[in-house]
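What follows is one structure encoded as structure tokens, with my remarks underneath.
Below, each value reflects all heavy atoms present in this structure, side chains not excepted, and no hydrogens, waters or symmetry copies. Ligands are counted one by one from 1 in listed order, and the atoms in each one are counted from 1 as well.
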Amino acid sequence: MSLNGKVALVTGGAQGIGRAVVQSLLQSSAKVAMVDLNKDLGEECKAQLDSEFGEGNCTFIECDVANGDALRDTFQNTVDQFGHLDIVINNAGITNEKDWEKTIQVNLTSVIKGTYLALEHMSKENGKQGGTIINVSSMAAFMHSPHQPVYTATKHGVIGFTRAMADAAIQGDYGVRIHALCPAFVDTPLLQSVEDEDNMGKFVKFKDDFKRSMSKFGVLQPSLIAEGMMRLITDTSLHGAVMKITCSKGIHFHTYEPMSA
Ligand code: NAD
């Protein structure tokens with residue numbers, strides 16, 4: 001499906017899953033703001049994408065999503081440059097048990113802030129045209145590991161927040177579909193960081209347990225995660241979906257029992 005005329009913002013877009021998603025969005029003819037902390041990587045990535053898709057379709061904005069004012073400016077920059085906003089992917093994430101407060105800030109607080117900013121620019125409540133928000137969680141929210149307690153907590157938090165906001169969007173008639181995406185292990189630089197004492201602190205001693213899980217459950221390619229994202233963006237029948245992507249079942253959805261006391 002063509003996304004011609006649509007504008008997307010992807011955080012953590014210069015590498016790994018985010019980069020694969022930026023590429024898929026450009027392939028579908030969307031305009032994309034690639035937002036990342038890493039300036040060198042972002043500029044290099046933009047140059048490659050410009051040569052593949054032509055100049056003027058992708059912009060790189062250097063931003064630390066944990067800086068609320070900078071994130072607000074980044075959203076405004078995107079709208080100033082491309083005219084409006086239709087798709088927001090809150091993807092930037094880290095795995096750092098040593099600086100666990102930073103992990104909460106990047107993986108959860110910034111996802112909440114990114115969702116609220118997206119709604120400011122997309123919700124019918126604010127006179128805008130509607131859109132789609134995807135918040136990146138993880139299968140760590142379903143299969144916890146002793147190796148990443150705070151990372152696991154943030155990914156649980158992303159699902160809880162996203163489901164509640166999806167209900168708010170439906171009941172408040174925001175015209176915005178809000179989803180959570182939960183990949184299993186994906187072959188990106190983030191996976192290498194889990195063997196590093198600088199990131200994992202005292203939990204690094206559980207890395208063999210983590211690596212055993214990786215060989216048991218397998219490792220996905222970022223392109224499959226991008227495929228899942230594109231489905232969440234283009235299937236307008238989906239609201240508040242929690243998509244899981246695993247080696248054994250591919251792209252599928254988590255289902256919940258109806259709420260009862
Ligand atoms: P990655 O480390 O390969 O890429 C993350 C990108 O985010 C990098 O370009 C980095 O510079 C950027 N980034 C980090 N902190 C940032 C910040 N504060 N502000 C702006 N940009 C920042 O990671 P990935 O594997 O592509 O992970 C993307 C998302 O997918 C994360 O939320 C991660 O938790 C989630 N996830 C990853 C896996 C996996 O196995 N790789 C599995 C499940 C979920």
Quick one: does [X] get an N or O within less than 3.5 Å of an N or O on ligand 1?
| X | value |
| --- | --- |
| Val65 | yes |
| Leu37 | yes |
| Val186 | yes |
| Asp64 | yes |

Counting heavy atoms not belonging to Glu55, are there more than 12 under 6.0 Å from its CD?
no
Nearest heavy atom to atom 6 (C) of ligand 1 wins, so pick from Ser138, Gly42, Gly12.
Gly12
So which of Asn38, Asp36, Val106 gets nearest to atom 10 (C) of ligand 1, if we judge by its closest heavy atom?
Asp36
Give me the nearest non-hydrogen protein atom to [atom] as residue plus atom name, then the distance to 0.1 Å.
| atom | value |
| --- | --- |
| atom 36 (N) of ligand 1 | Tyr151 OH, 3.6 Å |
| atom 43 (C) of ligand 1 | Pro183 O, 3.2 Å |
| atom 37 (C) of ligand 1 | Ile17 CD1, 3.8 Å |
| atom 24 (P) of ligand 1 | Thr188 OG1, 3.6 Å |
| atom 20 (C) of ligand 1 | Cys63 O, 3.2 Å |
| atom 1 (P) of ligand 1 | Gln15 NE2, 3.3 Å |
| atom 31 (C) of ligand 1 | Asn91 O, 3.2 Å |
| atom 23 (O) of ligand 1 | Leu190 CB, 3.3 Å |

Flag this pair as yes if the NZ/CZ of Lys244 is under 6.0 angstrom from the six-membered ring centre of Phe253 and inside a 45 degree cone about the axis; otherwise no.
no
Under 6.0 Å from the six-membered ring centre of Phe217 and within 45° of its axis: does the NZ or CZ of Arg212 meet both?
no
Where on [X] is there a heavy atom closer than 4.0 Å to ligand 1, on the side chain, on the backbone, on both, or on neither?
| X | result |
| --- | --- |
| Arg19 | neither |
| Ile94 | side chain |
| Ser110 | neither |
| Ser137 | backbone |

Per-atom contacts of ligand 1 with [X], taking only distances under 4.0 Å to non-hydrogen atoms:
| X | result |
| --- | --- |
| Val136 | 29 (C), 30 (O), 32 (O), 35 (C) |
| Gly93 | 31 (C), 32 (O) |
| Ala184 | 40 (O), 42 (C), 43 (C) |
| Phe185 | 40 (O) |
| Gly16 | 3 (O), 26 (O) |
| Leu191 | 40 (O) |

In the structure I gave you, are the side-chain heavy atoms of His239 and Ile178 within less than 4.5 Å of one another anywhere?
no
Side chains of Cys182 and Ser138, heavy atoms from C-beta outward: is any pair under 4.5 Å?
no
Determine whether a donor-acceptor pair (N or O, by modelled atom type, separation under 3.5 Å) exists between the side chain of [X] and the backbone of [Y].
| X | Y | value |
| --- | --- | --- |
| Lys155 | Met139 | no |
| Asn57 | Lys31 | no |
| Asn91 | Val136 | no |
| Thr11 | Ala92 | yes |

Might you work through the ring pair (Phe, Tyr, Trp, His ring centres under 6.0 Å) test for His254 and Tyr256, ending with a clear yes or no?
CA-CA 7 Å; His254 189 74; Tyr256 292 89; 4.5 Å; yes
Please determine whether ring pair (Phe, Tyr, Trp, His ring centres under 6.0 Å) holds for the pair Phe210 and Phe185, giving the CA-CA distance in whole Å, both sets of side-chain angles, and the decisive distance to 0.1 Å.
CA-CA 10 Å; Phe210 188 82; Phe185 300 112; 5.2 Å; yes
Decide salt bridge (Lys or Arg N to Asp or Glu O under 4.0 Å) for Lys202 and Glu197; before the verdict, give the C-alpha distance in whole Å, the side-chain angles of both, and the deciding distance to 0.1 Å.
CA-CA 7 Å; Lys202 66 179 180 182; Glu197 202 273 336; over 6 Å; no
Between the CD1 atom in Ile225 and the CD1 atom in Ile17, the distance rounded to the nearest 0.5 Å is 5.5 Å
Checking side-chain contact (heavy atoms from CB on, under 4.5 Å) against Lys113, which of Val111, Leu117, Thr115 comes through?
Leu117
